[in-house]
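First up is the structure itself, then whatever we jot down about it.
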Amino acid sequence: MERIVKSVKGTRDFYPEEMAVRRWLVSKVEEVSSAFGYQAYDGPCLETIDLYAAKSGEELVKEQAFVFPDRSGENIALRPELTPTLARMVASRQNELVFPCRWWSFGPFWRYERPQKGRTREFFQWNIDLIGSDHISADAELIAVAAEFLRGVGLKPDQVKILINDRRLMDAELSRIGIQAELKPAVLRLIDRIDKQTADVWDRNALELGLNSEQLEALKSLLSNTDLWQQSRELSALFASLEALGVREYTAFEPKIIRGLDYYTGTVFEARDTTGSFRAILGGGHYANLVGDVGGRPLPGVGFAMGDVVILLLLESLGLIPAVNAAADAVFVSVFDENCQTISSRVSARLRRAGFKVLTYPGTEKLAKQLKYADRLGARAALVIGPDEIARGEVVLKDLASRTQQVVPEAELENQLARILAQRPAL
RNA sequence: GUGCCUGUAGCUCAACGGCAGAGCGCCUCACUGUGGAUGAGGAGGUUGAGGGUUCGAAACCGUCCAGGCACCCCA
């Protein structure tokens, strides 16, 4: 077995079963994206390192991107995120695009990280952005998109929550309790990891940063104040908007949500399972200037990204991934023997032209083996056409799910097949 | 990139330094033109890889690989 060449660390093979699940996920993503009027787009998977260098200093690119020289010596990166690509694409056509524009994308990304549960080196990510609006209802819309997606895959408000905060509010609050501007970035980072450290360790880290004990107490009290959002005009409007959009129950204010990416300037949000046993499902926020780093005129927007790994782990754990079977609506046409091969081929072709999904057995193995094959593929129906049936112009039509069969005149085949396929398979 | 844990048949796991096994799954045959049953057979392993210790290693020791947990970061 070890003679088989290994796959690259942190990558996954998608066998038909996994591929079916991925395609199902993408179909849900596309469904909700289209429902809100978003258009699909994509960029290249290869980018020059310069695209990311604009945001130099960020760990995401310096430490976590796959970077290698191409044959001419130029440094190429496998895209670790889509936002810089999006920024370039928007900036290049800033004069012709219709703003605000609503774009979504689903594709592969790579990050050179230590793989563990919920984190791989190659993953797929849904990106969705509304670009060119500063209005709070744009923020509300993206959060509603996220909520409707979660609802669409069967998650209930008690299983998953979109936690929302606003960096402007936090900035104002930090000022109010007397934290100097230079200290704010470090304090924000500290807030971001409050749930990862024990209370006394966190307190000690806060004091080491330079906070005095009154500031520490004030900070802790504001982080536990779940009504703090009412002091923010933006967040008040946002939650009212979410109420009107019918997704309020999927959302909650959470002052501990900061998000790591620097370019968020307003609303920030992330979705988590309520048991807290998984990583963040999706994360996003409002940015003041998408295209500034790549040489365009300032353009605000809001967007989020969702990786395929965590959401699928969560859905799997809750039994929400539907059994997807490519052959569930297929008809299996058996081949009785060498002499019946032609008639089986004819019937197959006729059924395919009539719109059925038809597969046959290559060769003339004994019927039992052929039917077992059809059964294991999960085909819905099977045909047996032997000498007796040919002589009478009939076909044996088996309903593989109910384990029943009937003899039907050849002319009736399409009708009877359609009838069986229309029924829910009995389990 | 750091620390810790794990790795035995396709899957789930046994074997506490002494012949590498079970259940499920898989294949074949029977039930003489029919698939989730039953019965009878069978295949499948260099114990993640390559070293060391030992009379003897799946087990003990160090290296590498892979996965998981905590950091880091984030989807």
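First the proteins, then the strands, lettered A, B, ... as listed; each starts at 1.
- A residue-by-residue look at D388(A) and A280(A) shows that D388(A) has its nearest nucleotide of RNA chain B further toward the 5' end.
- Partner of E254(A) under the side chain to side chain contact (heavy atoms under 4.5 Å, CB included) criterion, out of N165(A), T226(A), I162(A), L163(A): L163(A) alone.
- Closest to the side chain of K9(A), out of rU28(B), rA66(B), rA75(B), is rA66(B).
- Between the CZ atom of R403(A) and the P atom of rG35(B) there is a distance of 8 Å, rounded to whole Å.
- Residue contacts shown for R12(A) are absent, as no nucleic acid heavy atom lies under 4.0 Å away.
- Residue A374(A) is out of contact with every strand shown, counting any heavy-atom pair closer than 4.0 Å.
- Comparing rA75(B), rU34(B), rG33(B) against the side chain of E389(A) picks out rG33(B) as the nearest.
- Applying the side chain to side chain donor-acceptor pair (under 3.5 Å) criterion to W104(A), with sequence neighbours excluded, gives no partner residue.
- Distance, E338(A) CD to rG33(B) P: 18 Å, rounded to whole Å.
- For the pair L78(A) and F68(A), the minimum side-chain heavy-atom distance is below 4.5 Å.
- Rounded to a whole angstrom, the distance from the C1' atom of rA14(B) to that of rA9(B) is 13 Å.
- Rounded to whole angstrom, the span from the CZ atom of F278(A) across to the C1' atom of rA70(B) amounts to 17 Å.
- Ring to ring, F149(A) and F304(A) are not that close: their centroids are 6.0 angstrom or more apart.
- When the side-chain nitrogen and oxygen atoms of R121(A) are compared with OP1 and OP2 of rG67(B), none of them lie within a distance under 4.0 Å.
- Among the heavy atoms of the strands, none lies under 4.0 Å from I311(A).
- Taking atom CD on E365(A) and atom C1' on rC27(B), their separation rounds to 12 Å, with Å as the unit.
- Between the side chain of Q370(A) and the base of rG33(B), no donor-acceptor pair under 3.5 Å is found.
- For the C1' atoms, the distance from rG48(B) to rG68(B) is 15 Å, rounded to whole Å.
- Atom P of rA43(B) sits at a distance of 29 Å from the matching atom of rG7(B), rounded to the whole Å.
- The CD atom of Q405(A) sits 10 Å away from the P atom of rU34(B) (whole-angstrom rounding).
- For the pair K117(A) and rC69(B), the criterion of a side-chain N or O lying under 4.0 Å from OP1 or OP2 is met.
- Under the salt bridge (charged side-chain N to carboxylate O under 4.0 Å, His left out) criterion, the residue pairs touching residues 126-148 of chain A are R102(A)-E141(A), E148(A)-R151(A), with sequence neighbours excluded.
- Residue side chain Y373(A) fails the stacking definition with respect to rG35(B), as its ring centre and the base's six-membered ring centre are not both under 5.5 angstrom apart and under 30 degrees in plane angle.
- rG67(B) atom P lies 13 Å from atom CD of E122(A), rounded to whole Å.
- With hydrogens and angles ignored, the 3.5 Å screen pairs no side-chain donor or acceptor of N127(A) with any backbone N or O of L82(A).
- For the salt bridge (charged side-chain N to carboxylate O under 4.0 Å, His left out) condition, the pairs that include at least one residue of residues 328-341 of chain A, sequence neighbours left out, are D329(A)-K357(A).
- Comment: R350(A) engages E410(A) in a salt bridge, judged by a side-chain N to carboxylate O separation of less than 4.0 angstrom.
- With R167(A) contributing its side chain and Y264(A) its backbone, the two residues share a donor-acceptor pair below 3.5 Å.
- Of the side-chain N and O atoms in K366(A), one or more sit less than 4.0 angstrom from OP1 or OP2 of rC29(B).
- Taking atom C1' on both nucleotides, rC72(B) is separated from rC65(B) by 23 Å, rounded to a whole Å.
- Note: CG (D13(A)) to P (rA66(B)) measures 14 Å, nearest angstrom.
- Of the listed nucleotides (rA75(B), rG33(B), rC73(B)), rC73(B) has the atom at the smallest distance from the side chain of Q64(A).
- In terms of the side chain to side chain donor-acceptor pair (under 3.5 Å) criterion, residue partners of R12(A) (sequence neighbours excluded) are, by chain and number, D308(A).
- When the nucleotides rU28(B), rC73(B), rU34(B) are ranked by their closest atom to the side chain of L371(A), rU34(B) comes out on top.
- Nearest nucleotide to the side chain of R193(A), out of rG67(B), rU34(B), rC73(B): rC73(B).
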Do any N or O atoms of the protein come closer than 3.5 Å to N or O atoms of nucleotides 1-4 of chain B, and which pairs are they?
residue	atom	partner	partner atom	Å
rU2(B)	O4	R114(A)	NH1	3.0
rG3(B)	O6	R114(A)	NH2	3.4
rC4(B)	N4	R114(A)	NH2	3.2

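- rU47(B) sits 12 Å from rU8(B) when the P atoms are compared, rounded to a whole Å.
- Annotation: rC16(B) and rU54(B) have their P atoms spaced 23 Å apart (nearest Å).
- When heavy atoms are screened at a 4.0 angstrom cut-off, T120(A) is found touching base atoms of the nucleic acid.
- Within 4.0 Å of G284(A), counting heavy atoms only, lies no atom of the nucleic acid at all.
- Comparing the P positions of rU38(B) and rG23(B) gives an interatomic distance of 14 Å, to the nearest angstrom.
- For rU34(B), the OP1/OP2 oxygens have no side-chain nitrogen or oxygen of K398(A) closer than 4.0 Å.
- At the heavy-atom level, F336(A) lies under 4.0 Å from base atoms of the strands shown.
- Taking atom C1' on both nucleotides, rC60(B) is separated from rU53(B) by 8 Å, rounded to a whole Å.
- Among the duplex regions that RNA chain B forms, those built from at least three successive Watson-Crick or G-U pairs under 3.5 Å are B:1-7 with B:65-71, B:10-13 with B:21-24, B:26-30 with B:38-42, ordered by first number.
- Nucleic acid contact class of V384(A) (heavy atoms, under 4.0 Å, all strands): base.
- A donor-acceptor distance shorter than 3.5 angstrom exists from the side chain of R121(A) to the backbone of E113(A), with no hydrogens or angles considered.
- Aromatic pair W103(A)/Y41(A): ring centres closer than 6.0 Å.
- Side-chain atoms of S133(A) and H135(A) include no donor-acceptor pair closer than 3.5 Å.
- Rounded to whole angstrom, the span from the CG atom of L367(A) across to the P atom of rC31(B) amounts to 14 Å.
- Listed nucleotides rU34(B), rC73(B), rG67(B) differ in distance to R279(A); the shortest reach to its side chain belongs to rC73(B).
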